[in-house]
Student: 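Input: one structure, supplied below.
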Amino acid sequence: MPRWLAHTIVAALFAGAIAAAFWRAGYAWNWSAVWDYRQKFLQGWLVTVALSIAALAASIAVGAAAAALLRSGRPLLEATGRTYVELIRGTPLLVQLLIGFYVVASAVGIENRYVVGVAVLALFSGAYMAEIFRGGLDAIPRAQLDSARAIGLTPWQALRLVVLPQAVRIVLPAVAGQLVSLVKDSSLLSVIAISEFTLAAQEVNAFTYSTLESYLPLAIGYLALTLPLSALARWLERRLRYDAG
Amino acid sequence: MNLVIAGLVQRFPVAAAAGRQAGLATVLDHLDLVTGEIGALVLVGPSGGGKSTLLRILAGLDVPTSGRVAFDGVPLPRDEASLRAYRRTVGTVFQAYNLFPHLSALDNLLLPLIHVHGLTRAAALTRVRGPLDRFQLADHAHKRPAELSGGQKQRIAILRALVVQPRRLFLDEPTSALDPEMRGEVLEMIGELRGEGTQFVLVTHEMAFARQVADAVAFVADGRVIAHGPAAAFFDHPAEPRVRAFLERSLAP
């Protein structure tokens with residue numbers, strides 16, 4: 001069976017099961033009230049797209065920097081990286097957002113809530129990225145570095161030409177998973193009143209009392225972002241494939 | 001080459017394990033060697049005796065704890081920048097090939113030429129074409145290492161060390177990871193290079209081959225050179241009882 005056919009059949013079965021569940025619940029649909037707010041949904045979705053892209057890029061940079069700390073071999077730097085990673089991974093994003101916005105941002109005088117939101121998201125996701133990157137770098141055999149040194153590469157060249165191309169291939173699936181999480185985690189930015197996609201759905205729900213009609217588009221809107229991201233990752237993975245040896 | 005080694009010591013920190021305290025392991029213990037003017041030096045001896053550790057120091061990959069090494073009167077430096085400059089003038093081949101798995105065989109050869117020695121891609125391609133043809137590797141040049149046999153991988157690794165036109169090669173048990181039939185093709189290649197005057201230091205367990213290519217042989221055990229001398233004398237009239245016993249075991253069918 002071709003893969004596209006398998007995907008279509010499974011998607012149809014899932015859609016059917018969900019539709020059946022809604023039908024059995026006997027929900028009284030009221031799409032027209034929600035439809036009036038379509039502009040609001042679209043604006044919120046676009047804000048989510050922009051926030052996600054900014055946080056994606058920043059979280060990769062933060063993760064790379066933190067991974068460098070974790071692998072620096074210097075106790076003070078390693079402790080700094082370790083503390084950051086464990087603090088972030090051990091606490092809820094919600095708390096981080098509230099502290100970041102009401103305490104840290106006001107202490108340093110940043111008033112733009114979008115900047116704060118992206119920064120907190122990037123710091124949050126960066127902690128997970130750091131561990132993914134560290135694992136990828138650790139997976140490169142020492143012999144590869146020996147080889148790089150033997151031919152006379154500088155440490156920076158060895159990183160760029162030998163280590164990173166191999167590490168990227170190793171971390172790609174995990175990074176893609178983390179980026180998908182990041183897109184969904186951006187929904188929490190609604191708590192610091194950033195008018196993104198989730199806040200739009202919450203407001204529409206408050207105006208129309210049509211809960212499911214407000215939130216179903218939300219699910220579809222996030223899928224529209226995360227599915228292409230996963231597909232891109234799988235494509236890259238295939239393109240970079242080679243066997244160790 | 002004229003190699004002089006005096007009082008070479010290499011100690012490594014070792015972690016604590018069952019029945020052993022953490023501390024320093026002495027792998028090379030005041031090793032001395034003066035070769036005179038030779039083309040090929042072969043290091044033999046029992047596993048764990050310090051051959052590979054010595055070779056890594058000679059190749060500029062590791063810095064010894066103390067002692068002096070000089071090739072043709074030029075001492076090996078101790079700082080990483082000077083060592084890197086030194087490594088660019090020599091070639092090293094490892095037991096496990098250590099090719100870059102994400103690059104084709106061809107790109108493995110081009111990488112040092114382009115990024116270390118500053119050749120353009122076109123000039124680098126011209127440089128590698130002849131050697132690839134000569135060693136019947138041209139048809140495999142576009143394969144990734146995983147698609148090559150062990151013998152092909154090791155021959156590509158030798159070419160990677162060779163195409164930069166090094167002063168000498170360091171080969172660390174280049175055939176130990178290979179099946180017997182592939183060993184032959186790699187040894188043949190090294191023998192051919194020797195015939196053309198390529199200078200090298202080789203660590204090997206292939207005694208027959210060592211005898212054939214070596215100008216001088218050094219027997220390394222317990223971190224020292226126990227015996228050394230011209231190949232013929234070393235193999236035919238071993239004076240040291242340890243060397244004699246080792247050779248008898250190695251040459252036994």
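Naming: A, B, ... by sequence-line order, numbering from 1 per chain. Note that the structure is a prediction, hence the values are computed from the model and not measured.
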Student: So which residues of residues 137-156 of chain A are in contact with chain B at a heavy-atom cut-off of under 4.5 Å?
Tutor: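 If one takes a 4.5 Å heavy-atom cut-off, the residues of residues 137-156 of chain A near chain B are Ala143(A), Gln144(A), Asp146(A), Ser147(A), Ala148(A), Arg149(A), Ala150(A), Ile151(A), Gly152(A), Leu153(A), Thr154(A), Pro155(A).
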Student: Which atoms of Leu148(B) are under 4.5 Å from chain A, going by heavy atoms: the side chain, the backbone, both sets, or neither?
Tutor: neither
Student: Hey, is the main chain of Leu161(A) close enough, under 3.5 Å, to the side chain of His102(B) for a donor-acceptor pair?
Tutor: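 At least one qualifying donor-acceptor pair exists.
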Student: Which residues satisfy the salt bridge (charged side-chain N to carboxylate O under 4.0 Å, His left out) test with Glu173(B), sequence neighbours excluded?
Tutor: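 Once residues adjacent in sequence are excluded, Glu173(B) has no partner under the salt bridge (charged side-chain N to carboxylate O under 4.0 Å, His left out) criterion.
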Student: For Arg82(A), does the CZ atom have more than 12 heavy-atom neighbours from other residues, nucleotides or ligands under 6.0 Å away?
Tutor: yes
Student: Pick one of side chain, backbone, both or neither for Phe100(B), based on which atoms fall under 4.5 Å of a heavy atom in chain A.
Tutor: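 Answer is both: backbone and side chain atoms of Phe100(B) are under 4.5 Å from chain A.
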Student: Which atoms of Glu147(B) come close to chain A, meaning under 4.5 Å heavy atom to heavy atom: side chain ones, backbone ones, both, or neither?
Tutor: neither
Student: Check His115(B) against Gln157(A) and note the closest heavy-atom contact, atom names and distance.
Tutor: O-NE2, 2.9 Å
Student: Could you tell me whether Leu76(A) atom CG has more than 12 heavy atoms of other residues or ligands within 6.0 Å of it?
Tutor: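 At most 12 heavy atoms, drawn from other residues, nucleotides or ligands, come within 6.0 Å of this atom.
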Student: If you count heavy-atom pairs under 4.5 Å between each of Glu80(B), Arg88(B), Arg160(B) and chain A, which one has the most?
Tutor: Arg88(B)
Student: Count the heavy atoms of every other residue, nucleotide or ligand shown that sit under 6.0 Å from CZ of Arg78(B), and state whether that count exceeds 12.
Tutor: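 More than 12 within 6.0 Å, yes.
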Student: Just wondering, more than 12 heavy atoms not from Arg68(B) lying within 6.0 Å of its CZ?
Tutor: no
